[in-house]
2 protein chains.
Amino acid sequence: MTKLEKPHHHGDLREALVIAGIELMEENGVDALTLRKCAARAGVSHAAPAHHFKGIASLKIAIMARGHSFFATAIAKEMTRTPPDPMAQLQAVCQGYLVFANRHNPLFQLMFNSSNTDLSTITPAVAAEFLQNAHESYGLLKQACEPFENAPGAANSTEITVWSLVHGFAMLFNKDSSRAAPTGPIPEFAKILAGLELRIKPGL
Amino acid sequence: MTKLEKPHHHGDLREALVIAGIELMEENGVDALTLRKCAARAGVSHAAPAHHFKGIASLKIAIMARGHSFFATAIAKEMTRTPPDPMAQLQAVCQGYLVFANRHNPLFQLMFNSSNTDLSTITPAVAAEFLQNAHESYGLLKQACEPFENAPGAANSTEITVWSLVHGFAMLFNKDSSRAAPTGPIPEFAKILAGLELRIKPGL
DNA sequence: TCCTTATTTTTACACTGTCTAGATAGAGTT
DNA sequence: AACTCTATCTAGACAGTGTAAAAATAAGGA
């Protein structure tokens, strides 16, 4: 069979389904993500995905894994174009975090919606990929927190604090959250982060 | 007609649907919330809810409003049983926040899932009730932040900081979040909050 | 070539949200 | 009391969804 004819096999249906899902969400929001629509967009029957993903939950995890990969890339890019000052680096991580949450809002919502994060019924390989990619972005933040002091008796308090802070800020005060502040203008996150008055570890 | 016979009218179907929805979620998670199941549990046909809510989105908003009411109550209760020291009060607010997020996790997830927060197609009265109740809990947090200094040039930085912090912490580090820390044990939130080193306003 | 496996389609089913038309109850109004 | 009018509810239908099973097709090796 020549390459010009349409083969029965798709070639890389798995990849096509992930891409289709991301596109559907970017175009029409989280709820537009549907197994059948993904299949249709990939040019394949609605039951075809079953051979690559155990079900819609499994496909969602795969999409979330891809999202976390983009996420880590976005944060890393922001870091590389920032001078190696500790505070500037940490600001860059948060900047990347918030920019991604804005630019890929539906994907971001999916990634951090805990009702999708039931890995128990998922193909182990897909679950593993998701966890690894998710840890990647956290590693960048952890690394950026390294130079700063922690609270006494909590070796990781800074990273927990900053992660909670930036994540909560992204969830609550991004564009389109109708619940947002009954309390005047929202400060820039950079100012919020500076308000933590983090201290460089002695001897650095 | 005597009160003993079953009337054609339900009596308070609207209320019954809200309760049914909350019960369904508490029993089987967020995804168990379904228009038809709510109707069934309220002992009514699947089309009956249409007269009280424009659709499932509208019912969800009503449930979220009820949730925010419980939420504010839980926070207020925690405040009243705490001595009127500013820092203790703020800790109490966060304690109430996190306890609620744990004890009513599906409801909490629903309340803060922005994909449900499209008020544009909703009955205005339902939307208004939701916004009012949502602002109630925020008011308590704002009030507890009142005694503390804000960052220069941001009159509300403390409340934004604390709200982001506690909300992010609740989302990321509650039980069952499979993405949680690749980084050792999670500190108590009280320690995290104390780490902010908030200062009482001069003259208080 | 034949067999085996991987991939996809077809068909079917239960469940969901929504819409329509019709039935019934409740509350006036005259 | 009879009549209307409105609110509420039921019954039925429809398109879309996820999932499962069986049949068809392609790909690759023996």
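If you're wondering where the values come from, they're calculated on a predicted model, not measured in any experiment. For the numbers below, each heavy atom of this structure counts, side chains included, while hydrogens, waters and symmetry mates do not. Sequence lines set the chain letters: A, B, ... in the order given, protein chains first and strands last, and positions in each chain run from 1.
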### Side-chain heavy-atom pair A/I160, B/L172 within 4.5 angstrom cut-off
no
### Task
Check whether the side chains of B/E159 and B/Y138 place a donor and an acceptor atom closer than 3.5 Å, and report yes or no.
yes
### Message
Within a 6.0 Å radius of atom NZ on A/K77, are there more than 12 heavy atoms belonging to other residues, nucleotides or ligands?
### Response
no
### Query
Rounded to whole angstroms, how far apart are NE2 on B/H52 and C1' on D/dA7?
9 Å
### Message
Checking side-chain polar atoms at under 3.5 Å, does B/S69 have a donor or acceptor matched by the opposite partner on B/N133?
### Response
no
### Task
List the protein contact pattern of nucleotides 14-22 of chain C with one symbol per nucleotide (5' to 3'): B for base contact, S for sugar-phosphate-only contact, - for none; contact means a heavy-atom distance under 4.0 Å.
--BBBB---
### Query
Name the one of B/E23, B/E15, B/E129 that satisfies salt bridge (charged side-chain N to carboxylate O under 4.0 Å, His left out) with B/R66?
B/E15
### Message
Within residues 15-29 of chain B, which residues have any heavy atom lying less than 4.0 Å from an atom of DNA chain D?
### Response
none
### Query
How close or far is atom P of D/dA7 from atom CG of B/D12, stated in whole angstroms?
17 Å
### A/E26 CD: over 12 foreign heavy atoms closer than 6.0 Å
yes
### Message
Just the rounded figure in Å: distance from P of D/dT19 to CG of A/L59.
### Response
10 Å
### Query
Within this structure, what is the CG-to-P distance between A/L13 and D/dA27, rounded to whole angstrom?
15 Å
### Message
Nearest 0.5 angstrom please: A/L196 CG to B/E197 CD, how far?
### Response
10.0 Å
### Task
Round to a whole Å and report the spacing from NZ of A/K60 to P of D/dT17.
13 Å
### Query
Do other residues, nucleotides or ligands put more than 12 heavy atoms under 6.0 Å from the CD atom of A/Q132?
no
#### Entry: Integer-rounded Å distance: D/dT19 C1' and A/H51 NE2
14 Å
